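Fair warning: this is a prediction, and the values are worked out from it, not measured in the lab.
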Amino acid sequence: MNRNDRRVAIAAVCVGVLALVGIWIGGENPPTSTQGDEETIDSSYSRESRFSRNSRETKDSSNSYYAVEGRAVERFPFDPNTADSTQLLRLGLQPWQVRNIYKYRAKGGIYRQKEDFAKLYGLTVKQYRELEPYIRISSDYQPAAMLVGGARESRDTRESRDSSLRYPVKIKENEHVVLNTADTTQLRTVPGIGTYYAKEIVRHGQWLGGYVSVDQLDEIEGFPQESKKYFVIQGASPKKLNVNKLGLQQLRKHPYINYYQAKTILDYRRLHGKITSLDDLRLSKDFPPEAIRRLEPYVEF
């Protein structure tokens with residue numbers, strides 16, 4: 001091997017040695033770094049586990065503090081502007097609902113009328129109907145503008161008037177209210193009837209076109225049965241539908257006529273001419289005897 005070849009060989013060996021040294025050095029660091037990362041991860045996981053465990057323990061402790069399962073629900077007059085947490089819980093409200101009431105009051109919120117309490121988050125229609133007769137809003141929370149023009153009235157007169165407007169005196173056992181002519185104020189004098197049911201009675205009567213029987217109050221969801229004995233029907237004159245002239249949509253507006261019944265009426269008129277009696281429809285499966293009997297006071301031919 002001549003001189004030049006020896007130099008090339010020596011240079012190649014040196015390059016190879018340097019490459020091996022570099023590979024060896026680079027292979028030693030990753031394990032150290034990985035080990036450090038694993039320790040960091042283990043440490044973080046340990047801290048996270050302790051934090052999660054503490055959070056769960058705190059949450060479980062909080063839940064046990066607010067556990068109200070099995071509490072007997074009570075009914076008594078209350079003012080949502082002043083009732084404390086114990087009273088609100090006794091009424092059957094959940095702890096988080098009580099907290100919402102406190103937050104609302106802390107921000108300056110005021111319940112000025114019963115309907116304002118219905119806006120409480122999570123309160124169901126059934127709960128509100130049960131609580132509504134017991135809600136008492138103090139006159140101290142009414143707008144001060146109500147005092148303008150009434151300065152000359154004595155305090156006793158003013159309080160008596162305001163009380164009668166908010167809480168009308170209930171009628172006695174032997175007294176009655178005419179169902180078709182009573183307004184919401186008169187309806188609220190019936191035992192068991194508050195603002196909600198007074199409005200529902202008026203609304204349902206308008207939808208029907210007038211009541212022909214006190215039993216029609218049962219069509220209002222959850223209507224208190226003990227209140228029916230205070231109502232009477234006098235001179236019933238319900239609004240009538242001309243089944244030979246009205247179209248499909250007009251017929252469907254009545255609560256006693258559904259889509260299929262309205263279509264049956266139109267089909268009968270198209271095939272047989274004018275309807276002279278609801279008995280003409282008795283062969284249709286959409287008009288059983290009870291449907292004809294219920295609808296009869298509200299139609300004309």
Side-chain angles (χ1 to χ4, degrees), residues 72-80 83 87-88 90-93 97 111-120 122-139 159-240 253-257 290-291 293-298:
V73 176
E74 302 177 41
R75 291 290 178 259
F76 52 85
F78 72 100
D79 188 337
Q87 292 175 313
L88 295 172
R90 286 169 56 199
L91 289 165
L93 297 177
Q97 291 177 310
Y111 298 97
R112 300 188 185 278
Q113 53 186 355
K114 293 184 178 183
E115 289 78 3
D116 292 341
F117 191 71
K119 299 176 184 178
L120 176 63
L123 190 69
T124 65
V125 173
K126 180 181 179 181
Q127 286 177 311
Y128 176 71
R129 289 176 181 174
E130 293 176 350
L131 292 173
E132 191 261 350
Y134 300 95
I135 299 174
R136 303 288 187 268
I137 307 296
S138 171
S139 58
E159 289 181 352
S160 176
R161 181 200 62 196
D162 293 343
S163 178
S164 64
L165 289 175
R166 293 194 306 273
Y167 320 121
V169 179
K170 299 298 185 179
I171 61 177
K172 300 177 181 179
E173 288 282 342
N174 59 345
E175 295 179 324
H176 298 88
V177 170
V178 179
L179 189 55
N180 282 315
T181 59
D183 57 18
T184 54
T185 301
Q186 293 173 304
L187 292 170
R188 289 174 60 201
T189 63
V190 175
I193 302 299
T195 303
Y196 173 81
Y197 282 119
K199 292 180 178 179
E200 284 297 299
I201 291 171
V202 173
R203 184 195 64 81
H204 192 63
Q206 293 173 344
W207 194 21
L208 286 170
Y211 290 98
V212 296
S213 170
V214 173
D215 290 333
Q216 289 175 295
L217 293 173
D218 294 334
E219 297 166 8
I220 300 174
E221 184 180 358
F223 190 84
Q225 295 295 307
E226 64 275 10
S227 299
K228 288 172 56 178
K229 63 183 180 181
Y230 295 96
F231 294 101
V232 294
I233 302 293
Q234 291 182 357
S237 181
K239 183 179 179 181
K240 296 183 179 293
K253 290 181 180 179
H254 197 277
Y256 292 166
I257 301 178
E290 60 272 15
R293 184 170 56 254
R294 185 174 64 167
L295 183 59
E296 195 168 14
Y298 296 98

Hey, can you tell me if Tyr298 and His254 have their rings parallel, tilted or perpendicular (30° and 60° cut-offs)?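 The rings of Tyr298 and His254 sit tilted, inter-plane angle from 30° to 60°.
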
Tell me whether the rings of Phe117 and Phe78 are parallel (<30°), tilted (30 to 60°) or perpendicular (>60°).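 Aromatic pair Phe117/Phe78 classed perpendicular.
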
Looking at [X] and [Y], what are the two nearest heavy atoms and their distance?
X	Y	result
Glu115	Thr195	OE2-CG2, 2.8 Å
Pro80	Ile135	CD-CG2, 3.9 Å
Arg136	Pro77	CG-CB, 4.0 Å
Ser227	Val190	O-CG1, 4.0 Å
Ala198	Ile193	N-CG2, 3.7 Å
Leu208	Pro255	CD2-CG, 3.5 Å

Under the salt bridge (Lys or Arg N to Asp or Glu O under 4.0 Å) test, residues paired with Lys253 that sit two or more places apart: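 Checked Lys253 against salt bridge (Lys or Arg N to Asp or Glu O under 4.0 Å); zero matches.
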
For Glu296, what residues pass the salt bridge (Lys or Arg N to Asp or Glu O under 4.0 Å) criterion, not counting sequence neighbours?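 Not a single residue meets the salt bridge (Lys or Arg N to Asp or Glu O under 4.0 Å) criterion with Glu296.
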
Looking only at atom types and distance, does a side-chain atom of [X] sit under 3.5 Å from a main-chain N or O of [Y], one as donor and one as acceptor?
X	Y	answer
Lys240	Pro297	yes
Tyr211	Gly205	yes
Arg75	Leu91	yes

Determine whether [X] and [Y] make a side-chain contact, defined as any pair of heavy atoms from C-beta on separated by less than 4.5 Å.
X	Y	value
Lys228	Asp218	yes
Gln234	His176	no
Ile233	Val212	no
Val214	Val232	no

Look at atom CD of Glu221 and say whether more than 12 heavy atoms of other residues, nucleotides or ligands are closer to it than 6.0 Å.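 Not more than 12 within 6.0 Å, no.
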
Output all residues satisfying ring-ring contact (aromatic ring centres under 6.0 Å, His included) with Phe223, sequence neighbours left out; order by chain, then residue number.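 Only Tyr197 meet the ring-ring contact (aromatic ring centres under 6.0 Å, His included) criterion with Phe223.
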
What's the separation between atom [atom1] in [X] and atom [atom2] in [Y], rounded to the nearest 0.5 Å?
X	Y	atom1	atom2	result
Arg188	Thr185	CZ	OG1	6.5 Å
Leu179	Leu187	CG	CG	7.5 Å
Gln216	Ile201	CD	CD1	12.5 Å
Thr189	Lys170	OG1	NZ	7.0 Å
Leu93	Leu120	CG	CG	6.5 Å
Lys229	Glu173	NZ	CD	4.0 Å

Pair Tyr196 and Tyr128, ring centroids less than 6.0 Å apart: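 No: the rings miss the under 6.0 Å criterion.
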
Can you find a side-chain donor-acceptor pair between Tyr256 and Glu219 that sits under 3.5 Å?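 A donor-acceptor contact under 3.5 Å links the two side chains.
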
With the threshold set at 4.0 Å, does a side-chain nitrogen-carboxylate oxygen contact exist between Arg203 and Glu200?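 Looking at Glu200 together with Arg203, the answer is yes, because their closest N to O distance falls below 4.0 Å.
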
